[in-house]
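Read the structure below first, then the notes.
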Number of protein chains: 2
Amino acid sequence: MRRVTIHDVAGKAGVSTAAVSHAFNDPERLRATTVTRILDAARELGYAPNPHARALHSQRVGVLGVLFPQPIATVFANPFFASFLEGIGSVTDERGIGLLTVTPLGGSLERAIAAAPVDGFVIIGLDERHAEVAPLRKRGVPFVVVDGDAETASSVNVDDEGGAYAAANLLLDRGHRKILVLTFHAPPDELDKDLGVRGRRLRGYRRAFVDHGLALGDDAIVRTFVTLAGGDTAFAKAWADGVRPTAVLAASDIMAIGAMRAAKRLGREVPKDLEVIGFDDIPLAAASDPALTTVHQPITEKGRVATRLLIRELDEGGPRERIVLPTELLLRESTRAQATKSRTLGVAKGGTDREGKRILKAAAR
Amino acid sequence: MRRVTIHDVAGKAGVSTAAVSHAFNDPERLRATTVTRILDAARELGYAPNPHARALHSQRVGVLGVLFPQPIATVFANPFFASFLEGIGSVTDERGIGLLTVTPLGGSLERAIAAAPVDGFVIIGLDERHAEVAPLRKRGVPFVVVDGDAETASSVNVDDEGGAYAAANLLLDRGHRKILVLTFHAPPDELDKDLGVRGRRLRGYRRAFVDHGLALGDDAIVRTFVTLAGGDTAFAKAWADGVRPTAVLAASDIMAIGAMRAAKRLGREVPKDLEVIGFDDIPLAAASDPALTTVHQPITEKGRVATRLLIRELDEGGPRERIVLPTELLLRESTRAQATKSRTLGVAKGGTDREGKRILKAAAR
DNA sequence: AACCTTTTATGAAAGGTTTCACGAGAGCGA
DNA sequence: TCGCTCTCGTGAAACCTTTCATAAAAGGTT
């Protein structure tokens, strides 16, 4: 049972294949009666144009790829990515574009990139420096980098350093001196490079310490997995090692929540005995008990902005842009500080006004 | 700047395009030195095969579509779908297959289906009876229906009715007589048909009432949105109307959690004043406070099973199957009953042994 | 050297659509 | 009736790969 093609329809309607194509894509060019005759034939035969053939010819599939450097199962299990995809999806939906999640195929991101039937990529958590990006260039499709730096492509980031600074600053101002810092596990090949998001957040923490005349020692930093279990075991292990922090700075909410769980198990009460600040503001942060004080970043918005940028580049070959969205310290129940909002970038700080404006414009577009 | 094609490589390496193709796909057929010459040329030129052309020829893209009847943004915002996609993704990843989320394009699911460059579809929450499924047939690609009935395709469901029965039964056994039932908002065109998941869960509740010599009146049933807010306002509204339930049966966890929130706000304590049972067992159910007693269904497993079924059909044209996975009542803190697990289908009940066995096999495959 | 077999490489078709360039009629004014 | 302009429709190329059938080259045997 062969699939019905444009030739079958043309035969049945007694016209050329070109006419059938026109009937679908540019009916004005044909007499109205011809159009209906063709459409009727198509319906009777159950014809639907072959998307691959169409894509091959028009060099456009109407699908955007989102490139993750990790297995897809861990992507969907991570609420951060869910929010991010929600942002991307809201734009693709509105534009009538498909969304393909691209993850390493059989361990090879390169193969995955080469094989993905997409018009462009949004790349998350992968620096342009990464070797994986080379195949993208080959592929010749445009891409936008999120949470990473890019020389030759547009990028969307948030003010990680500023947010981290605000978080650390709050704890230090409140007199905390025994602070446990939880950060991401680094891939072995870049252990001491402090690249990307991890590096920027760490730099923010460090700067706050320095501004308080202190140093953030390596022994106070624990690198672990970005999961609930990762934060839990990291805190528990530090505790077992005799570390008795009065506060925790976690580079991600899920790790912060894990640490709170471990603390509770160990008889510490949050925020009485232990103040905790996370990063990201995933939906769970507000729902946890106690609700997590955290550095809010506009996750969904980040997805939206990146996607709009990519689509514009696709449609009009728009210029490259580097967008940095603001972050904001959100005080909830896991700290005892007074609620005063501190927005980083363009609001709280004077020096970045121009940047700030550009950001707001970008976000509102 | 035209993209580099197989012709360019052939020219540079001084061979035919066929040789280049072989060098990539079946290098055994060529002399080793030729292969390296070709591969070198390809690397220098930065050649990557065009996925559309490849797909057009081989009639296979290596991408599976997941069809949702709702906007993509609401999909990713829903933890149920996240878990489901996690299951699908774990299989596609392992097989080196891409994953395309397909949602209505400009409101039209038909257009989306026609345009999606995929080899097959997993359809969730859409009955085969739905008009939307017709275009799928046209398209000529296989599909598997999840959480819906299908005559002409494989399907994967869970024992919704059994799970709902167990939940209602527990509450009735414990003496509750004023039970508020929260169920899904039905699309206007099928208001009183009680189709699909909603219908099956409702039937389970009803059967338990009947077995206790009671009737589940329409006035005790509230239809609302499957969101936190939906459950919250539904409970609040019932309360405002003077309804004073001692227990809540919710057809989804997120609604149950919403109802708990409203109850708390209204001064009811769960489970002391109000016992609540949800359905689905999303991750949040265990993390909520109090932890939600619910009917567990294997969401991730459902995704896995459906995807394996689809891939098998794609690869070997395997037979159609109708799989029904068991559900299980999980007692947590939102009820005060003793913890005794009750697994539906094939374990708790005798009559479904054969079915049960087939299920377990399917799940383990 | 002649012949046969195996290895290695190629030409061309096929896959299904869109679109460019062009042709056949039809309509109309002179 | 001629010639011009529109309208409506068509043939064929282009998009890029893979693969079938086959040719050419190489290697081996007598």
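A, B, ... follow the sequence lines: proteins, then strands. Residue 1 opens every chain.
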Check this for me: does any side-chain nitrogen of one of Arg43(A) and Asp40(A) sit under 4.0 Å from a carboxylate oxygen of the other?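 Answer for the salt bridge query: yes.
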Non-neighbouring partners of Asp315(B) that pass salt bridge (Lys or Arg N to Asp or Glu O under 4.0 Å), sequence neighbours left out: Arg60(B)
Taking only residues two or more places apart in sequence, or in another chain, which ones meet Glu44(A) in a salt bridge (Lys or Arg N to Asp or Glu O under 4.0 Å)?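 For Glu44(A), the residues satisfying salt bridge (Lys or Arg N to Asp or Glu O under 4.0 Å) (neighbours in sequence not counted) are Lys12(A).
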Apply side chain to side chain contact (heavy atoms under 4.5 Å, CB included) to Asp93(A) and list each qualifying residue two or more places apart in sequence or on a separate chain.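 Checked Asp93(A) against side chain to side chain contact (heavy atoms under 4.5 Å, CB included); matches are Pro71(B), Ile72(B), Thr103(B).
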Taking N and O atoms by type only, does the side chain of His57(A) place a donor or acceptor under 3.5 Å from a partner on the base of dT17(C)?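 Counting by modelled atom types and ignoring angles, no donor-acceptor contact under 3.5 Å is found here.
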NA contact type, His52(B), heavy-atom cut-off 4.0 Å: base, sugar-phosphate, or nothing? nothing
Is there a residue in residues 32-45 of chain B whose heavy atoms reach under 4.0 Å of DNA chain C, and which residues are they? Thr34(B)
Would you jot down, in residue-number order, the residues of residues 13-31 of chain A having a non-hydrogen atom under 4.0 Å from DNA chain D? Val15(A), Ser16(A), Ala18(A), Ala19(A), His22(A), Arg29(A), Leu30(A), Arg31(A)
What is the ring orientation for Phe76(B) with Phe76(A), classed by angle as parallel under 30°, tilted 30 to 60°, or perpendicular over 60°? parallel
Between P on dT18(C) and CG on Leu56(A), what's the gap in Å once rounded to a whole number?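 After rounding, the gap between these two atoms is 11 Å.
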Watson-Crick or G-U wobble partner of dA21(C), both distances under 3.5 Å: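 With both distances under 3.5 Å, dA21(C) matches dT10(D).
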Please identify the 5'-most and 3'-most nucleotides of DNA chain D with any atom under 4.0 angstrom from a heavy atom of chain A. dC8(D) to dC16(D)
